[in-house]
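Reading through the structure tokens given below for one structure.
Please read all numbers here as calculations on a predicted model, not as lab measurements. Order of appearance sets the numbers: ligands from 1, and atoms from 1 within every ligand.
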Amino acid sequence: MLSVSSCKNRDHLREMDVQFSKEVIERLAAAQSVAVLTGAGISAESGVPTFRGEDGIWNKLKPEELASMDAFLKNPDLVWQWYQYRRELMNDIEPNPGHYVLAEMESDYDDFTLSTQNIDGLHIRAKSQRVLELHGNILRNRCNTCGKLTDENFPGDNVARCQCGGLIRPDVVWFGEMLPQEPLYDSFAAAERADVYLSIGTSAVVQPAASLPLEAKHQGAYVVEINLERTEISAMVDESYLGTAGTLLPELYRLVKEERTRENKD
Ligand code: BV8
Ligand code: ZN
């Protein structure tokens with residue numbers, strides 16, 4: 001475990017007076033390889049409820065009671081209805097500036113990797129070209145028995161059946177289920193080679209995704225967190241900024257582009 005003393009952890013106050021350090025601006029301007037992990041917090045300003053923050057949907061219900069195979073097999077219609085409700089919430093949401101900045105960064109850096117725990121598909125809608133969806137995508141369904149994927153939307157509150165007779169479920173990763181191997185492998189490989197690693201809008205409690213920023217730190221990356229509140233990793237990253245991703249991320253990248261222009265002039 002990294003000791004706190006080894007990190008120059010500098011908590012920065014809420015965004016109204018957040019001053020990004022010279023270091024993070026210069027490091028991002030000079031970086032060859034950048035990797036990012038996002039969580040529910042980056043979609044909060046798009047209107048997607050988070051899980052564990054103040055208004056988190058899991059403050060009322062236990063995640064294991066709904067986002068698990070046991071829950072699904074015990075009461076398929078209840079779990080299906082929960083996902084139908086969450087899909088409805090997503091009908092009128094749009095990506096926010098935080099999503100768009102990451103799509104811009106992807107095209108600016110030769111080596112840029114975006115890993116997300118989110119299942120809302122907003123990074124794809126913000127035109128990020130390569131999104132490693134570690135926990136799947138709620139807009140896709142698959143058969144629980146034969147694994148057949150389908151984009152078909154099954155209206156209604158009762159769980160549908162596949163031709164093979166299996167139950168149709170959302171194509172998301174439930175607790176106790178393995179993450180998709182390739183996105184997971186690629187996410188760790190990117191963390192290991194990153195010059196700068198950004199952890200954005202995640203409480204960093206769900207494994208194995210939450211290990212990515214710490215693995216990056218362990219492998220020498222400069223790790224920066226942007227989150228509304230302190231998290232499990234705030235004391236272990238190099239810099240932790242408290243505030244909303246939709247405001248702080250565009251501001252940070254504006255400063256990085258200014259730094260790049262300055263350097264090109266020199
Ligand atoms: C696995 C998809 C092993 C579904 C999700 C006991 C029993 C069973 C398992 C475990 C156990 N103990 C540990 C485990 C492992 C478990 C785990 O980590 N549990 C935790 C809770 C302790 N992990 C798993 O089960 C994983 N699988 O380990 O398999 C295995 C190995 C071999 C063989 C077989 C199996 C699977 C984990 C994936 C679970 N699926 N979601 C669904 O969504 O319905 S998890 C869920 O949490 C979401 O995916 C979400 O993305 C993820 C992480 O949450 P966050 O994104 O961080 O969201 P959160 O609300 O927590 O935080 C948001 C933050 O944003 C807050 O801090 C807030 O302050 C901030 N914020 C708010 N607004 C803003 C903001 N920040 C910036 N700007 C804003 N505007
Ligand atoms: Zn099937």
State whether the shortest distance between N or O atoms of [X] and N or O atoms of ligand 1 falls below 3.5 angstrom.
| X | answer |
| --- | --- |
| F175 | no |
| S203 | yes |
| W174 | no |
| T231 | no |
| P208 | no |
| L179 | no |
| L228 | yes |

Problem - Heavy-atom check, side chain of I124 versus side chain of Q129, under 4.5 Å - result: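 I124 vs Q129: side chains apart.
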Handout entry: Mutual orientation of the aromatic rings belonging to H99 and H123 [parallel < 30°, tilted 30-60°, perpendicular > 60°]
Key =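 Rings of H99 and H123: perpendicular, as their planes differ by over 60°.
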Exercise for the section: Could you label the plane-to-plane angle of the W174 and Y83 rings as parallel, tilted or perpendicular, counting under 30° as parallel and over 60° as perpendicular? Expected result: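 The arrangement is tilted - the two ring planes meet at 30° to 60°.
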Handout entry: Residue pair Q219 / E215, side-chain donor-acceptor N/O under 3.5 Å
Key =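 Distance-only check passes for Q219 and E215.
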Mind checking whether [X] contacts ligand 1 via backbone (N, CA, C, O), side chain (CB onward), both or neither, at a 4.0 Å heavy-atom cut-off?
| X | value |
| --- | --- |
| V205 | backbone |
| L66 | neither |
| Y241 | neither |
| A40 | both |
| E177 | backbone |

Exercise for the section: Determine, considering heavy atoms only, which of G98, G176, A44, G41 sits nearest to atom 65 (O) of ligand 1. Expected result: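 Residue with the shortest heavy-atom distance to the ligand atom: G41.
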Exercise for the section: Output yes when E251 and R254 qualify as a salt bridge under the 4.0 Å nitrogen-oxygen rule, no when they do not. Expected result: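 Between R254 and E251 there is a salt bridge, with a charged N closer than 4.0 Å to a carboxylate O.
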Ligand-residue contact atoms, ligand 1 with [X], heavy atoms, under 4.0 Å:
| X | value |
| --- | --- |
| E229 | 66 (C), 67 (O), 68 (C), 69 (O) |
| G201 | 63 (C), 64 (C), 65 (O), 76 (N) |
| N227 | 64 (C), 65 (O), 66 (C), 67 (O), 68 (C), 69 (O), 70 (C), 76 (N) |

